[in-house]
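Lettering of chains follows the sequences in order, A, B, ..., and the numbering in each one begins at 1. All values below were derived from every heavy atom in this structure, side-chain atoms included, with hydrogens, water molecules and symmetry-related copies excluded.
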Amino acid sequence: MMKKDMETKYNPKDVEDRLYAQWMDKGYFHAKVDESKTPYTIMIPPPNITSQLHIGHAFEYTLIDTLMRFKRMQGYNALWMPGTDHAAIATEVKIVEDMAKDGLTKAGLGREGFMKRAWEWYDKYGNIIISQIQKLGSSCDWERTRFTMDEGLSEAVLEVFVRLHEKGLIYRGERLVNWCTNCKTSISDAEVEHEDKQGGFWHFKYPIKDSDEFVTFATTRPETMLGDTAIAVNPDDERYKHLIGKFAIMPIFDREIPIVADDYVKADFGTGMVKITPAHDFNDFELGKRHNLPIINVMNDDGTINENGGCYEGMDRYDARKRIIKEFTENGLFIKKEEINNSVGVHDRCKVVVEPLNKMQWFVKMEGLAEPALEAYTKGDLNIVPPRFGKVYTHWLENIKDWCISRQLWWGHRIPAYYCRDCGEITVAKSAPSACKCGCKNLTQDQDSLDTWFSSALWPFSTLGWPNDTKELKYFYPTNVLCCGYEILFFWVVRMVFSGQEFMGELPFKDVLFHGIVRDDQGRKMSKSLGNGIDPLVVIDQYGADALRFSLATGNTPGNDLRFYDEKVEQSRNFLNKVWNASRFIMMNLDETPLNVGLEDLTPADKWILSKANTLAQEVTELLEKYELGIAADKVQTFMWDEFCDWYIEFSKPRLYNEGDPTRPAALWTLKHVLAVGLRLLHPFSPFLTEEIYQSFGFGESIVISQWPKYDETHNFTADEGDIEQIKEAVRALRNLRQQKDVPPSRKAKTFVVSASEDVRRIFEGGKAYIMALAGASEVIVSATKDGAPENSVSVVVPSAEIFMPLTDLVDMEKEKVRLEKEIKKLQGEVDRVTAKLNNQGFLAKAPEAMVEEERAKGAKYQEMLEVVQKQLEQIK
RNA sequence: GGGAGCAUAGCUCAGUUGGGAGAGCAUCCGCCUUACAAGCGGGAGGUCACUGGUUCAAGUCCAGUUGUUCCCACCA
C-alpha cells in the first residue's frame, strides 16, 4: 500500500499479482445472470492451446479489457467469457512433433492412443496461456472458462452438424479440394495463401493423331501432364477450328486425348491451347465435367506420383517434373522454358504448396447461409468498425464457395457420420446408431474430423450452454461486440455471423471491432524466422502490465497496424509514474481532518480544474463508446499530466503550504476529487496502478466496482475557465521572458500587471499567488495605469494586459529589440490572417455568425497586443 | 486482374462532425524549484506526397497521379 514515505517510483511488481488475486477473490469478474442489470458481453477470441502469449494477444486483450472495465464501471453486468481453442491442425502438428521425441508415431499409437496423448498435451499446456492472460490484468470471468472440445461445446458441434445435414446444408461429395501434401489433409479455401513465386513456364507439344501437326501449350506444372485427358481451344479461334474433334497423343503413354472447344480458353493468351488435367486443376475439373472427360489422378496424398504415372510412380512430384521435361526434350517435344512470376497456393500453416486433389469430403453449402449474413450488414444490423472492412466482408460473402469442413486429422471433433458396411447407407447422428436402416449392426464412424473453425463458429452461443436452453444463453446472448484481428474476418467472423443467425435466429454481436497487427520497431511483421517477436511477459517484467497496456492503447486508431517499440512503453511507464507521484503529493498533504467543502468554497482555480475534469469525463465516455480508445487514452494522459499535474497541483501549492489559508481545504478537496475522477477514467487502460492508489486513498472498496465518472452540470464552469487560462498565459509569457533574459527562477522580481479592464484586473488580483509561485514574482501589483511600474523594466504583452518585470539591469537592449521585433512579426501575422478573413465577403455572408464574431474578437485582441508591443519597441529606439 | 490502407516535424504516430497544424521520442537552451531527473521550465523544427475540383473556408470532402503496404482472384 501507498504510504507517505513511499518510494518515488511506482513498482508494479509489488502490486500486480496481489491486486489480481484480490479481484479474483472478491469475484468482481464473475457475471451472474441478473435480470435487474443490463448485460454487456464480449467473447474472447479463444487463443490456441499451442500458443504462448504474444504481443498481438496483449494488444487484443488490452482493447477488450478496456471496454469491459469501462462498461463494468458504468454499471453493466459485464461478462468477458474466456477460453481456448483446440486448433486442430496447429495442435496436431505439435503433438506429432512431441511424440516423435519419444519415438512414437500416429500410426503406431493408433487413434485412441493418440487422443490420449493429445489430451495429456491439453492438460499440460492448455492453461499456460490463461495464466499469461491474467498477468495482463484481464478481467475475464474465469469461472466460465471454456474449451472448444469441452463436452458441452462438442455437443453443440454435433447438434449443428446433424441439423445442417438434415437441412441439406451439409453434404458429402467427391470434389477437387485443396490438399496439403505435408499435413496430409484437405484444407478450406480460406486456409490457402497465395504467394507470388518466380517459376518456370514450360512449353511443350503433343503430336496430333493422323496428322503432321502438333498441339502446343505451356504449363507451370509439367508433372500434371501425366493426367492430361484433353487439349482445349477456344471455339472461335480460327487457327484451331479444324482441330476440334481430332485427337492429340500424350506421348508418355501414347494416350489419345480429344481436342475440345471451350470458352474458358482465351485465344489471345499463350498459344491459345490448353492442356486439360481434370484431376489436378480446378478449372480443368469444371471443364472436364462439361466435356465428360475422364479424371486421372496421378498423385498420392504425400505428393508422390501414383500408379497412374507409369514409370514415374513413387517419384516426388518435383523430381517427376524434371524427368518429364528431360524425356520431352529427348523426344523433341519440349519447346522452351520461360521464367514467369506465378501465384501459387500454399497452406497457411506450413507454407507447403497445395495440390488440388479429387477427394471425397464433407462440405457446408454456403448458398442460403451467406445471404442472411450479407443482408445483416447491408441492412445495418451488423456494425463493422472501421467501416472499410465492410467491403471485405461483403465481397467475400458475395463470392463464397462451399466450405470444405472435413480434415484428415484426429485432434478435433470427429464427424458424426456412420457408414453401413452392408448396404452402404450413411447415417448422420449425434451418437452412434445401434443399427443401420437395413437392420445390420455393422457400422463404422467416419475417420475424419472437423475444421477447427467449425466449432469456433459456434463460440458465441456454445459457450453459454447451447443447444440447451440455459438462462445464461437467454441473458448474455447476443453479445455486444466482437474484437479481433482483421486477418480472421473470413475464418471466424463471417462464420460466427451465419451460425448465430441459423441457430439462434439472431446475430451473435452488434458491433465488430477490428484491430491491426502489432509490428516490430521497423514495421515488419513479427515472425519466428525473423526472431523479432516480443514476449509480453518480458515487457511486463520490465515496465509493468499497466505500461504495456497503456502503450498498446495509445497512438493507434481502430483497424490500423501498430508499431511496437520500447521507447513508447517507457513513455507510458513514465506517465503512470507521474500519476503515482501526483498521488503521493496529495497523500502527503492530507491529514486526518475531514474536508467540509462545498462548491461555493472553491476558488477559480479549483473550478477550472473541476470543470476540465467534468468535460473530460464526458469526452472519454463518448470516445470509448465509439471505440476510439487511442484518443480517449491520450485525452486522459494530457489532462492528468499537463493540466492536473503541471498546472493545478502547482496552483495548489501556495495554498497547501500555508496552513492558515482559508481556501486550503478547498484545494485539498479538489485535489482528491479530481484525482479520483482521473483515476477512474484511467482505470480501464491501466487497472493495477489506479486500483493501488484508489484503495490507498480509501476512495472505496475497489476501483473495479466504482462508478464511472459522469458529466455533472453543477461542475460545469466552462464559462469561467478563461480566467485561469489568462493567468496561465501570463505565467508562460513571464517564464519565456526570464528564459530569454537568462534570469534564473531563484531571482525573484517585483511584478506589475497593468490593465485598463476592471475584469482583467480582478482576474490578476485573484491570481497573484500563482504568478508569484510559478513565474518568480516577489510581489504582484495590479493597477489600471503604468504609473507605479519601475522605469527600467521589460514587459510582456498578454491579451488586455501588459506585465512588467524589472530585469533591465541584465537586459541587452539589442537583444530586446530582436525579441520585440519577433513578437511583432508573430502578432502581425495573426492580425493579417484575421483581417484577410474578415475582408472576405463570402466569409461574412456564409460562415456561421458565431464564427465571424469569434474572428472579430481575435482580430481586436491581436491588434491591441500588437500596438502595445510596437510602442515598446519605439521606446527602446 | 479487382479491392483496400497508408503518405502530416529528424523518427513513431494522433488529428473525432471541414473553421487558427498536435503528441511522444530525438534535438537545442536553462533548472537537483522540498510529488516526481522515469522530473520541471523554455525553444527550434512541417508547401500535411503531387495535380486538379467542391466550398466563404480543405490535412480533413471529391477526382486523378506517384510511391508504399496489404487483401482477394481459376489466367493455363
Asker: Using a 4.0 Å heavy-atom cut-off to protein, can you give one letter per nucleotide of nucleotides 30-39 of chain B, 5' to 3': B if the base is in contact, S if only the sugar-phosphate is, - if neither?
Answerer: S----BB-BS
Asker: Supply the atom-to-atom distance A:Glu855 CD to A:Glu853 CD, rounded to the nearest 0.5 angstrom.
Answerer: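 One finds 10.5 Å between CD of A:Glu855 and CD of A:Glu853.
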Asker: Between the protein and nucleotides 56-63 of chain B, list the N/O to N/O atom pairs that are separated by less than 3.5 angstrom.
Answerer:
residue : atom : partner  : partner atom : Å
B:C56   : OP1  : A:Lys846 : NZ           : 2.1
B:C56   : O4'  : A:Gly842 : O            : 3.4
B:C56   : O2'  : A:Asn840 : ND2          : 2.6

Asker: At under 4.0 Å between heavy atoms, what does A:Tyr862 touch on the DNA or RNA strands: base, sugar-phosphate, or nothing?
Answerer: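 A:Tyr862: base contact, heavy atoms under 4.0 Å.
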Asker: Which residues pass the ring-ring contact (aromatic ring centres under 6.0 Å, His included) test with A:Tyr377, not counting sequence neighbours?
Answerer: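 A:Tyr377: ring-ring contact (aromatic ring centres under 6.0 Å, His included) contacts with A:Tyr393.
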Asker: Round to a whole Å and report the spacing from CG of A:Asn736 to C1' of B:C29.
Answerer: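 In whole Å, B:C29 C1' lies 12 Å from A:Asn736 CG.
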Asker: Give me the stems containing RNA chain B, sorted by first residue, counting only three or more consecutive Watson-Crick or G-U pairs with both distances under 3.5 Å; say none if there aren't any.
Answerer: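 Stem segments, range with range: B:1-7 with B:66-72, B:10-13 with B:22-25, B:27-31 with B:39-43, B:49-53 with B:61-65.
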Asker: Could you work out the separation of B:U60 and B:C50 based on their P atoms and round it to a whole Å?
Answerer: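 The answer is 11 Å between these two P atoms.
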Asker: Using the C1' atom in both, what is the distance from B:A23 to B:G45, to the nearest Å?
Answerer: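 These two C1' atoms come out 14 Å apart once rounded.
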Asker: Find the distance A:Asn399:CG to B:G3:C1' and express it as a whole number of Å.
Answerer: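 Answer to the nearest Å: 11 Å.
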Asker: With distance as the sole test, does A:Arg856 use its side chain to make a donor-acceptor pair with the main-chain N or O of A:Leu838 at under 3.5 Å?
Answerer: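 No: the side chain of A:Arg856 does not pair with the backbone of A:Leu838.
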Asker: Can you tell me how far C1' in B:G5 sits from the matching atom in B:G10, rounded to whole Å?
Answerer: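 Comparing C1' positions in B:G5 and B:G10 gives a spacing of 25 Å.
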Asker: Kindly write out the residues that satisfy side-chain hydrogen bond (donor to acceptor under 3.5 Å, both in side chains) with A:Asp832, not counting sequence neighbours, or none if the list is empty.
Answerer: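 For A:Asp832, the residues satisfying side-chain hydrogen bond (donor to acceptor under 3.5 Å, both in side chains) (neighbours in sequence not counted) are A:Gln828.
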Asker: Would A:Arg732 and A:Glu729 pass as an ion pair if we require N to O under 4.0 Å?
Answerer: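 Here A:Arg732 does not pair with A:Glu729 in a salt bridge, since their nearest N and O are not under 4.0 Å apart.
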Asker: Let me have the donor-acceptor pairs involving side chains of residues 568-578 of chain A, under 3.5 Å, with sequence neighbours excluded, atom names and distances please.
Answerer:
residue  : atom : partner  : partner atom : Å
A:Lys568 : NZ   : A:Ser551 : O            : 3.2
A:Lys568 : NZ   : A:Thr554 : O            : 2.9
A:Ser572 : OG   : A:Ser551 : N            : 3.3
A:Ser572 : OG   : A:Lys568 : O            : 3.2
A:Asn577 : OD1  : A:Tyr10  : N            : 2.8

Asker: On a whole-Å scale, what distance lies between the P atoms belonging to B:A35 and B:G46?
Answerer: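 Straight-line distance between the two P atoms is 38 Å.
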Asker: Take atom CD of A:Glu729 and atom C1' of B:G42, then tell me their distance rounded to the nearest Å.
Answerer: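 Atom CD in A:Glu729 sits about 16 Å away from atom C1' in B:G42.
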Asker: Which nucleotides of nucleotides 12-18 of chain B have their base under 4.0 Å from a protein heavy atom (B), which only their sugar-phosphate (S), and which neither (-), written as one string 5' to 3'?
Answerer: BSSSB--
Asker: List for me each residue that meets side-chain hydrogen bond (donor to acceptor under 3.5 Å, both in side chains) alongside A:Lys13, sequence neighbours excluded, and say none if there are none.
Answerer: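 For A:Lys13, the residues satisfying side-chain hydrogen bond (donor to acceptor under 3.5 Å, both in side chains) (neighbours in sequence not counted) are A:Asp541.
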Asker: What pair of heavy atoms forms the shortest contact from A:Ile771 to A:Leu734, and how long is it?
Answerer: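 Taking every non-hydrogen atom into account, CG2-CD1, 3.9 Å.
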Asker: Could you work out, with side-chain hydrogen bond (donor to acceptor under 3.5 Å, both in side chains) as the rule, every residue matching A:Lys635, not counting sequence neighbours?
Answerer: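 For A:Lys635 there are no side-chain hydrogen bond (donor to acceptor under 3.5 Å, both in side chains) partners, ignoring immediate neighbours.
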Asker: Distances under 3.5 Å only, N/O to N/O: pair up the protein atoms with those of nucleotides 70-76 of chain B.
Answerer:
residue : atom : partner  : partner atom : Å
B:C74   : OP1  : A:Lys401 : NZ           : 3.4
B:C74   : O2'  : A:Asn283 : ND2          : 2.7
B:C74   : N1   : A:Asn283 : OD1          : 3.4
B:C74   : O2   : A:Asn283 : OD1          : 2.9
B:C74   : O2   : A:Asn283 : ND2          : 3.3
B:A76   : OP1  : A:Asn342 : OD1          : 2.6
B:A76   : N6   : A:Lys266 : O            : 2.7
B:A76   : N6   : A:Phe269 : O            : 2.8
B:A76   : N1   : A:Lys266 : N            : 3.2

Asker: Could you tell me how far B:U47 sits from B:A4 if I compare only their P atoms? Round to whole Å.
Answerer: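 31 Å, rounded to whole Å.
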Asker: Can you check nucleotides 64-66 of chain B for protein contacts, nitrogen or oxygen pairs under 3.5 Å, and list what you find?
Answerer:
none

Asker: Using the C1' atom as the point on both nucleotides, what is the distance between B:U12 and B:U8, in whole Å?
Answerer: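 The same atom, C1', in both gives a distance of 12 Å.
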Asker: Grab the two heavy atoms, one from A:Leu293 and one from A:Pro278, that are nearest each other, plus how far apart they are.
Answerer: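 Looking at all heavy atoms of both residues, the shortest contact is CB-CG, 4.3 Å.
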Asker: Test of understanding: with salt bridge (Lys or Arg N to Asp or Glu O under 4.0 Å), list the residues that count as partners of A:Glu725, not counting sequence neighbours.
Answerer: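 Partners of A:Glu725 by the salt bridge (Lys or Arg N to Asp or Glu O under 4.0 Å) criterion, ordered by chain and then number, come out as A:Lys612, A:Lys728.
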Asker: Taking atom C1' of B:G42 as reference, at what distance in whole Å does atom NZ of A:Lys822 sit?
Answerer: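 A:Lys822 atom NZ is separated from B:G42 atom C1' by 11 Å.
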Asker: When rounded to the nearest Å, what value does the distance between C1' atoms of B:C74 and B:U66 take?
Answerer: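 B:C74 and B:U66 have their C1' atoms separated by 32 Å.
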Asker: Distance from A:Met366 atom CE to A:Lys401 atom NZ, nearest 0.5 Å?
Answerer: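 One gets 13.0 Å once the value is rounded to the nearest 0.5 Å.
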Asker: Please determine whether a side-chain nitrogen of the Lys or Arg among A:Glu854 and A:Lys858 lies less than 4.0 Å from a carboxylate oxygen of the Asp or Glu.
Answerer: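 Salt bridge present between A:Glu854 and A:Lys858.
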Asker: Please report the distance separating the C1' of B:C32 from the corresponding atom of B:A38, rounded so that it comes out in whole Å.
Answerer: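 Their C1' atoms lie roughly 15 Å apart.
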